[in-house]
2 protein chains.
Amino acid sequence: MSGVRAQQKQKTRQALIEAAFNQLSAEHSFSNLSLREVAREAGIAPTSFYRHFKDMNELGLTMVDEAGLTLRQLMRQARRRIASGGSVIITSVETFMEFIDTSSNQFRLLLRERSGTSKAFRAAVAREIKHFILELAHYLETETPCDKHHAYMQSEAMVTLVFNAGAEALDQDAQQRGELTERLIWQLRYIARGANHYGA
Amino acid sequence: MSGVRAQQKQKTRQALIEAAFNQLSAEHSFSNLSLREVAREAGIAPTSFYRHFKDMNELGLTMVDEAGLTLRQLMRQARRRIASGGSVIITSVETFMEFIDTSSNQFRLLLRERSGTSKAFRAAVAREIKHFILELAHYLETETPCDKHHAYMQSEAMVTLVFNAGAEALDQDAQQRGELTERLIWQLRYIARGANHYGA
DNA sequence: TATTTTAGCGTACAACTGTACGCTGAAATT
DNA sequence: AATTTCAGCGTACAGTTGTACGCTAAAATA
């Protein structure tokens, strides 16, 4: 029932996705990928592309899902580290920086399409980020003295800062990143402190 | 010495810039503007474009400067309002939201090119934002009990949150914007509180 | 007045894009 | 074994892009 055929199809589908991710870089964003180039890198004819996606848009949305998945998996791993005694703020920041380093093209996709030209893309990225915010908010609500509403606002602010720091880190060398991370941690402390003050 | 000729040249140059801004929208970003379309909207032949800019890139950088200028002017006006007795946080946020509303395409340019595919663009936008941060940091340093380093970090965090809230606001209706703004103000309060605590 | 400068135009071209259409061969189904 | 399904291919086409080149007319300069 697995099917030699269906299996092969899945394989070239994945090849298309990977080809597209490979072509993302600091100088190349999703919106200026071309269907033909992606097909070429995946090793299939341009017209075969349509056997897998109706559109470059459809490919892109799939890629956003995949990037979101990567991020969620990484964060699950972070929670494990936190549970076994790490600092919440520092562990989270480190994990996120790891994501940016090892999956920079996936991060770039989220980063850019968050304010890109397709409403569907923007919504998809916003959804991924919201997951993130809600998880952190849940943690803050149960583990710190902070009411629900303030926990959410606190979480939202923190995620925004972390995400933005990630964006800046993309263009920086190791030393600059170190300073950036240090500043970021202070800023997260501000928020934690302030939220706990106002949020009862 | 003003020159009928130089004057006309300046005029069509400005027409090109305005044409390009007009073609920006939620669905159209700078990187997928075409030289020909811009020239067409400005009412000149495609090849005449080169009499004014060597490149679409050069046009874009000019546009970033112009958007930065608009923003700085608006903020100077905000400081006047603050000096005559307004709340710093609320006045700044209101002014920024005004910018997004009345110059949304200029904001979109800054927003997108901040993480765009051209390093020069990214640097140009970063410069504009840094202006912003430094000005606010200066204010915080002199007007609140906060040492220099913490004032900078506080300012950076605040500007990041405001900028990002602006990005979200672009896709929202009046009611959602209201809620967003309210959350943003709380988040800025967190930061102010936390920074004043840690920053002596 | 004679000369130089230059903003803007039209033509032309090669490169590239998305995609419609029909074929093929092998896997899947009957 | 006969039939159907379908991933992938090649060809073809119309549309768009950036830009090289040389011309023109009017403004600026000498």
Side-chain angles (χ1 to χ4, degrees), chain A residues 1-25 27-63 112-113 116-121, chain B residues 1-25 27-63 112-113 116-121:
Chain A
M1 201 48 59
S2 99
V4 173
R5 199 172 202 173
Q7 206 172 326
Q8 175 56 29
K9 180 170 187 182
Q10 193 58 29
K11 212 171 166 182
T12 68
R13 185 188 149 99
Q14 202 54 39
L16 281 169
I17 295 174
E18 269 164 37
F21 269 123
N22 274 339
Q23 298 192 353
L24 293 182
S25 70
E27 297 80 22
H28 227 95
S29 80
F30 180 80
S31 69
N32 41 48
L33 294 191
S34 91
L35 185 154
R36 288 178 101 108
E37 270 188 21
V38 171
R40 202 176 304 138
E41 174 148 346
I44 64 171
T47 50
S48 300
F49 179 94
Y50 298 104
R51 302 291 182 195
H52 302 275
F53 302 99
K54 105 174 208 301
D55 230 22
M56 278 296 281
N57 256 358
E58 203 174 285
L59 206 211
L61 289 175
T62 306
M63 290 166 74
R112 288 178 177 148
E113 298 312 320
T117 52
S118 153
K119 192 154 192 167
F121 273 60
Chain B
M1 200 49 58
S2 100
V4 173
R5 201 174 200 172
Q7 205 173 327
Q8 175 57 28
K9 181 170 186 183
Q10 194 57 30
K11 211 171 166 183
T12 67
R13 185 189 150 98
Q14 202 55 39
L16 281 169
I17 295 174
E18 269 163 36
F21 269 123
N22 275 340
Q23 298 191 353
L24 293 182
S25 70
E27 297 80 22
H28 227 94
S29 81
F30 180 80
S31 68
N32 40 51
L33 293 191
S34 90
L35 184 154
R36 288 178 101 105
E37 271 188 19
V38 171
R40 202 175 303 137
E41 174 148 345
I44 65 171
T47 51
S48 299
F49 179 94
Y50 298 104
R51 302 293 181 193
H52 303 274
F53 303 98
K54 104 174 207 302
D55 230 22
M56 278 296 282
N57 255 358
E58 204 174 284
L59 207 209
L61 289 174
T62 307
M63 290 166 74
R112 287 177 179 150
E113 298 312 321
T117 52
S118 153
K119 193 154 190 168
F121 273 60

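So you know, we letter chains A, B, ... as the sequences are listed, proteins then strands, and number each from 1. Small disclaimer: the values here were computed from a predicted structure and weren't measured.
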Nearest whole angstrom, please: distance from the [atom2] of [N] to the [atom1] of [X].
{"X": "A:Q7", "N": "C:dA27", "atom1": "CD", "atom2": "P", "value": "12 Å"}
{"X": "B:L33", "N": "D:dT16", "atom1": "CG", "atom2": "P", "value": "16 Å"}
{"X": "B:F49", "N": "C:dC9", "atom1": "CZ", "atom2": "C1'", "value": "16 Å"}
{"X": "A:R51", "N": "D:dC9", "atom1": "CZ", "atom2": "P", "value": "11 Å"}
{"X": "A:M56", "N": "C:dT17", "atom1": "CE", "atom2": "C1'", "value": "12 Å"}
{"X": "B:D55", "N": "D:dA20", "atom1": "CG", "atom2": "P", "value": "11 Å"}
{"X": "B:Y50", "N": "C:dG10", "atom1": "OH", "atom2": "P", "value": "17 Å"}
{"X": "A:Q23", "N": "C:dC16", "atom1": "CD", "atom2": "P", "value": "14 Å"}

What nucleotide among [options] has an atom nearest to a side-chain atom of [X]?
{"X": "A:S34", "options": "D:dG18, D:dC23, C:dT17", "answer": "C:dT17"}
{"X": "B:R5", "options": "D:dG8, D:dA26, C:dA28", "answer": "D:dA26"}
{"X": "A:R36", "options": "C:dG8, D:dA7, C:dG18", "answer": "C:dG18"}
{"X": "A:L35", "options": "C:dC9, C:dG18, D:dA28", "answer": "C:dG18"}

Exercise. Would you mind classifying the nucleic acid contact of B:E37 as base, sugar-phosphate or nothing, using non-hydrogen atoms under 4.0 angstrom?
Key: sugar-phosphate

Quiz item: Which part of the nucleic acid, if any, lies within contact of B:R40, taking any heavy atom under 4.0 Å across all strands shown: a base, the sugar-phosphate backbone alone, or nothing?
Solution: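 The residue B:R40 makes sugar-phosphate contact but no base contact.
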
Exercise. For the helix from C:dT1-D:dA30 to C:dT30-D:dA1, figure out the bend between the end axes, five pairs an end, and round to 10 degrees.
Key: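 The end-segment axes of the helix from C:dT1-D:dA30 to C:dT30-D:dA1 are tilted 20° relative to each other.
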
State, to 0.1 Å, how close [X] and [Y] come at their nearest heavy-atom pair, and which atoms those are.
{"X": "A:M56", "Y": "A:F49", "answer": "SD-CZ, 3.8 Å"}
{"X": "A:A39", "Y": "A:P46", "answer": "CB-CA, 3.8 Å"}
{"X": "A:A19", "Y": "A:A42", "answer": "CB-N, 3.9 Å"}

Quiz item: With respect to the phosphate group of D:dA7, does any side-chain polar atom (N or O) of A:S48 fall under 4.0 Å of OP1 or OP2?
Solution: no

Exercise. Would you indicate whether the side-chain heavy atoms of A:I44 and A:L16 approach each other to under 4.5 Å?
Key: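 Side chain of A:L16 against side chain of A:I44, heavy atoms only: contact under 4.5 Å found.
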
Exercise. Report yes or no: is there a donor-acceptor pair, N or O only, under 3.5 Å between the side chain of A:T47 and the base of D:dG10?
Key: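 When only heavy-atom distances are counted, A:T47 does reach the base of D:dG10 through a donor-acceptor pair under 3.5 Å.
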
Practice problem: Apply the test side-chain contact (heavy atoms from CB on, under 4.5 Å) to residues A:R51 and A:T12: give CA-CA distance (whole Å), side-chain angles for both, the deciding distance (0.1 Å), then the verdict. | Solution: CA-CA 10 Å; A:R51 302 291 182 195; A:T12 68; over 6 Å; no

Practice problem: Mind checking the CZ-NE2 spacing from B:R13 to B:H52? Nearest 0.5 Å is all I need. | Solution: 9.0 Å

Quiz item: Got a second to check how far B:D55's CG is from B:L61's CG, nearest 0.5 Å?
Solution: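 Taking CG in B:D55 and CG in B:L61, the distance rounds to 9.0 Å.
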
